[in-house]
Amino acid sequence: MSTEAQAGHLAHARYGKDKVRVLRVVREGKWQHVVEYNVCALMEGDIETSYTKADNSVVVATDSVKNITYYLAKTSPHILHPERFALHLGTFLVSKYAHIHKAFVTVEKLRWQRIQVDEKPHPHSFVRDGEDKRVVSVEIDGTQGKGKLTAKVTSGITDLLVLKSSGSAFESFVRDEFTTLVDVNDRIFSTSIDLKYVFDPIPVSLSLFDAPLPGTPGGPNAVFAAGKDAQLSEESIKTVKTQGTAWDGDTVADDARKVTLDVFATDDSASVQATLYKMAQQILTSHKHLQSVSYSLPNKHYVPVDMRYAGVENLNPQVQHVDGPGRTT
Ligand SMILES: O=c1[nH]c(=O)c2[nH]c(=O)[nH]c2[nH]1
């Protein structure tokens, strides 16, 4: 909420529930799938009087928002796919409550990868193989009418920690009275990568989540009516004309992570700026339904230790210490 101090009126109101933690197991015969999400679901609409007149009749309790999140975590056929789950939850909130006109859902997906036993994936055992998270933010806009919902989806990665011990230089930058940094043609490059990409907006409606997607025999509802946990099979998703859109967020996410790591590893980096741009260009070139890509790569500086105190020339530096972060976006 914000109020304008002088006029003393309500300028903006948005509320909901944050940090709803969901672990969902989907059983498919011997194979089990798990997702762990941190969910934030916020709403806007005709809710001003709850702030200005203590009128709780317009308040869907944040506790109910938490319960809806768990309800859809149990029943949504889209639960294993963060973009589609976030779209379902946001669409549900705006569709169910006449006076709620916008929903803002963020889903953070933690990494649980299958444990490989003797190089074979285990059916129900998983390992946290990195602290980076996939983050999906969805805005459902119902201000043009409940029959005309549109969704803006921004996805990405946070906290992807990387380091390369060679293949990075930083030379020929502005040199003046404020410059103390020396040119280096071979340095450590380490950073915690944050990536965001914005999909083309898509139309949504609640029936889209319940009815079969085109090319999906029987549709998700049929499966749930039969009392089974299920997901849309990957095969059926591929037949749907959704490639590269927010519906297909898993494919884009896998590729974006791969491109990020590949370019980081293989680029003969002239600077953080130049490497970052190459990553973004590659993602945009191969994903036509993305409107923009942005990266943040705060440089984690490792500085060679001057070891002349011990009579040691720390050349081709093998001992380095960590300096505070620069920030490049
Ligand atoms: O790749 C870099 N870009 C910079 O802008 C910068 N600034 C700095 O001090 N070191 C680096 N490295």
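In listed order, ligands and their atoms are each counted from 1.
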Assess whether a salt bridge exists between [X] and [Y], defined as any Lys/Arg side-chain N lying under 4.0 Å from an Asp/Glu carboxylate O.
X      : Y      : answer
Arg257 : Asp132 : yes
Asp63  : Lys66  : yes
Arg21  : Glu108 : no

*asked:* Is Glu171 close enough to touch ligand 1? Criterion: a residue heavy atom under 4.0 Å from a ligand atom.
replied: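 False for this residue.
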*Phe209 and His88: aromatic ring centres closer than 6.0 Å?*
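Aromatic pair counts; centres sit under 6.0 Å.
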*Verify the ring-centre separation between His287 and His289: is it less than 6.0 angstrom?*
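Between His287 and His289, which both carry aromatic rings, the centre distance is not below 6.0 Å.
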Out of all atoms in ligand 1, which are within 4.0 Å of some heavy atom of [X]? Include the element for each.
X      : answer
Leu181 : 8 (C), 9 (O), 10 (N)
Asn299 : 12 (N)
Ser271 : 1 (O)

_Proximity to ligand 1 by part of Arg187, non-hydrogen separation under 4.0 Å_ =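 It is the side chain that touches ligand 1; the backbone stays farther off.
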_Quick check: Val272 and ligand 1, any N/O pair under 3.5 Å apart?_
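Yes, there is a polar N/O contact under 3.5 Å.
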*Examine Gln273 against ligand 1 and note whether any of their N/O atoms are separated by less than 3.5 Å.*
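Yes; at least one N/O pair falls below 3.5 Å.
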_Under a plain distance cut-off of 3.5 Å, with no hydrogens placed, do Trp247 and Glu83 share a side-chain donor-acceptor pair?_
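Glu83 vs Trp247: no donor-acceptor pair found between side chains.
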*Among protein heavy atoms, which lies nearest atom 10 (N) of ligand 1, and at what distance?*
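Looking at atom 10 (N) of ligand 1, the protein heavy atom closest to it is Phe170 CE2, 3.5 Å.
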